[in-house]
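Structure first, commentary second.
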2 protein chains.
Amino acid sequence: MKECTIKHNGNRSYSCTVELTLQVIGGKWKPVILYHLSRVDCLRFGELKKSMPNITQKMLTQQLRELEQNGLVNREVYAQVPPKVEYSLTTFGLTILPVLNSLREWGDTFEQRLESV
Amino acid sequence: MKECTIKHNGNRSYSCTVELTLQVIGGKWKPVILYHLSRVDCLRFGELKKSMPNITQKMLTQQLRELEQNGLVNREVYAQVPPKVEYSLTTFGLTILPVLNSLREWGDTFEQRLESV
DNA sequence: CGGAATCCTTCATGATACTG
DNA sequence: CAGTATCATGAAGGATTCCG
């Protein structure tokens, strides 16, 4: 048993790097966004929105901005009218996929336990 | 690109099992609780609380109850005065540890990126 | 089309006091 | 010692409107 020290990094604070990871990929939408981006080269904003019918425009924009700031997602703006913006995973963003798989596999097992009751 | 369907399981809803996992181990305290429980055979409530100086009694109780309901944590009450309650990981609870390690390792890498700026 | 801005609701978390 | 109960607060998420 040891005391927890709390690290501060910019405006972020966490007591272990597990929490740090959860801050980057956690929340209601980020895992799904990353999942969709992982299945294709890139997606336009509208395409991403269509594949997540329940997300609001505000949340999608906000979550994409955070993923971009953390270096997982690339945002490419085409200078044209009407606007066209494409999102894709960065090289670093690809490294989160095994982690998501790990989460998904455990979730599958847990789901089976739920349904076997 | 495919539409998301939303699954409902009891009072829980999720569009993929990644979210399901995050519902079980996410939040501000659960990863840390699981970490501490993984380092020893079992811990009394007070010991756990001492190792997490910033958690309130209410949150610790609440999070432990949820982990217990989801089958990750075992709660053993000794019929004595003053009360003694010991918490430990269940066999199923042990299966979450590789997932937490995966999260921690990625978090370590991400932390290095943060600090190399 | 892909946003930004504003306001509002809900939920997670916290502070405090009390108890068998 | 290991809780419960109650009230308060802040952050996350959502609805709506407007814009280049």
Side-chain angles (χ1 to χ4, degrees), chain A residues 1 4 6 8 10-15 19-20 22-33 36-37 42-70 73-88, chain B residues 1 4 6 10-15 19 22-33 36-37 42-70 73-88:
Chain A
M1 181 176 56
C4 284
I6 298 185
H8 296 272
N11 51 6
R12 215 186 282 282
S13 73
Y14 54 97
S15 64
E19 286 179 46
L20 185 57
L22 292 180
Q23 288 177 21
V24 174
I25 65 162
K28 189 170 174 180
W29 302 110
K30 292 207 184 89
V32 184
I33 293 174
H36 286 297
L37 289 178
C42 62
L43 282 174
R44 295 185 58 169
F45 185 86
E47 294 174 323
L48 205 43
K49 174 112 180 47
K50 256 198 302 186
S51 63
M52 303 172 65
N54 291 320
I55 199 174
T56 61
Q57 216 163 20
K58 171 192 163 185
M59 288 310 294
L60 183 52
T61 301
Q62 178 181 309
Q63 303 299 300
L64 283 168
R65 287 290 183 283
E66 292 178 16
L67 290 170
E68 189 192 359
Q69 281 170 24
N70 289 324
V73 160
N74 182 52
R75 177 172 183 261
E76 181 146 9
V77 184
Y78 294 84
Q80 61 183 50
V81 176
K84 172 180 174 182
V85 181
E86 281 184 348
Y87 292 91
S88 59
Chain B
M1 181 176 55
C4 283
I6 297 186
N11 51 6
R12 216 186 281 282
S13 74
Y14 53 97
S15 65
E19 286 179 47
L22 292 180
Q23 287 177 20
V24 174
I25 65 162
K28 190 169 173 180
W29 301 110
K30 293 207 183 90
V32 185
I33 293 174
H36 285 297
L37 289 178
C42 61
L43 281 174
R44 295 185 58 167
F45 184 86
E47 294 174 324
L48 205 41
K49 174 110 179 47
K50 255 196 303 184
S51 64
M52 302 172 65
N54 292 319
I55 198 173
T56 61
Q57 215 162 20
K58 171 190 163 186
M59 287 309 295
L60 183 52
T61 301
Q62 179 181 308
Q63 304 299 300
L64 283 169
R65 289 290 183 281
E66 293 178 17
L67 290 170
E68 189 191 358
Q69 281 170 23
N70 289 324
V73 160
N74 183 53
R75 176 173 183 261
E76 180 146 10
V77 184
Y78 294 85
Q80 61 182 51
V81 177
K84 171 180 174 181
V85 181
E86 282 183 348
Y87 292 91
S88 59

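Lettering of chains follows the sequences in order, A, B, ..., and the numbering in each one begins at 1.
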Between [atom2] of [N] and [atom1] of [X], the distance in whole Å:
{"X": "B:L43", "N": "D:dC1", "atom1": "CG", "atom2": "P", "answer": "15 Å"}
{"X": "B:K49", "N": "D:dT4", "atom1": "NZ", "atom2": "P", "answer": "15 Å"}
{"X": "B:E66", "N": "D:dG3", "atom1": "CD", "atom2": "P", "answer": "15 Å"}
{"X": "B:Q23", "N": "D:dA12", "atom1": "CD", "atom2": "P", "answer": "17 Å"}
{"X": "B:E47", "N": "D:dG3", "atom1": "CD", "atom2": "C1'", "answer": "16 Å"}
{"X": "B:L60", "N": "D:dC1", "atom1": "CG", "atom2": "P", "answer": "14 Å"}
{"X": "A:Q62", "N": "D:dA15", "atom1": "CD", "atom2": "P", "answer": "14 Å"}
{"X": "B:M59", "N": "D:dA11", "atom1": "CE", "atom2": "P", "answer": "15 Å"}

Legend entry - Candidates A:K49, A:K50, A:H36, A:E86 - the one meeting side chain to side chain contact (heavy atoms under 4.5 Å, CB included) with A:L43: A:H36
Legend entry - For A:T61, the option from A:Q63, A:K58, A:R65 that meets side chain to side chain contact (heavy atoms under 4.5 Å, CB included): A:R65
Inset, instruction - Identify whether any heavy atom of A:Y87 sits under 4.0 Å from a base atom; if not, whether one sits that close to sugar-phosphate; answer base, sugar-phosphate or nothing. - result: sugar-phosphate
Inset, instruction - Report which part of the nucleic acid A:K28 touches: base, sugar-phosphate, or nothing (heavy-atom distance under 4.0 Å, all strands). - result: sugar-phosphate
Considering non-hydrogen atoms only, spot the tightest contact between [X] and [Y] and give its length.
{"X": "A:V24", "Y": "A:K30", "answer": "O-CD, 3.1 Å"}
{"X": "B:E47", "Y": "B:R44", "answer": "OE1-N, 2.8 Å"}
{"X": "A:S13", "Y": "A:H8", "answer": "CB-ND1, 3.5 Å"}
{"X": "B:Q23", "Y": "B:Y14", "answer": "NE2-CB, 4.0 Å"}
{"X": "B:G26", "Y": "A:L22", "answer": "CA-CD1, 4.5 Å"}

Inset, instruction - Starting from the C-alpha separation in whole Å, work towards a yes-or-no answer on side-chain contact (heavy atoms from CB on, under 4.5 Å) for B:W29 and B:N54. - result: CA-CA 10 Å; B:W29 301 110; B:N54 292 319; 4.1 Å; yes
Legend entry - Of A:W29 and B:K84, the one whose closest DNA chain D nucleotide lies more 5': B:K84
Inset, instruction - Please tell me which of B:Q57 and A:K58 maps to the more 5' nucleotide of DNA chain D, matching each residue to the nucleotide holding its nearest heavy atom. - result: B:Q57
Inset, instruction - List in chain and number order the residues that pass side chain to side chain donor-acceptor pair (under 3.5 Å) with B:N74, two or more places apart in sequence or in another chain; answer none if no residue qualifies. - result: none
Legend entry - Per A:T56 side chain, nearest of listed nucleotides D:dG14, D:dA2, D:dT6: D:dG14
Legend entry - Segment of DNA chain C, first to last nucleotide, that comes within the 4.0 Å heavy-atom reach of chain B: C:dT13 to C:dG20
Legend entry - B:V73 vs B:I33 side-chain heavy atoms within contact, under 4.5 Å: no
Legend entry - Terminal helix-axis angle for the helix from C:dC1-D:dG20 to C:dG20-D:dC1, with five pairs defining each axis and rounding to 10 degrees: 50°
Inset, instruction - Find which nucleotide of DNA chain C each of A:T61 and B:G26 is nearest to by heavy atoms, and output the residue with the more 5' nucleotide. - result: A:T61
Inset, instruction - Respond yes when some side-chain nitrogen or oxygen of B:R65 is under 4.0 Å from OP1 or OP2 of D:dA2, and no when none is. - result: no
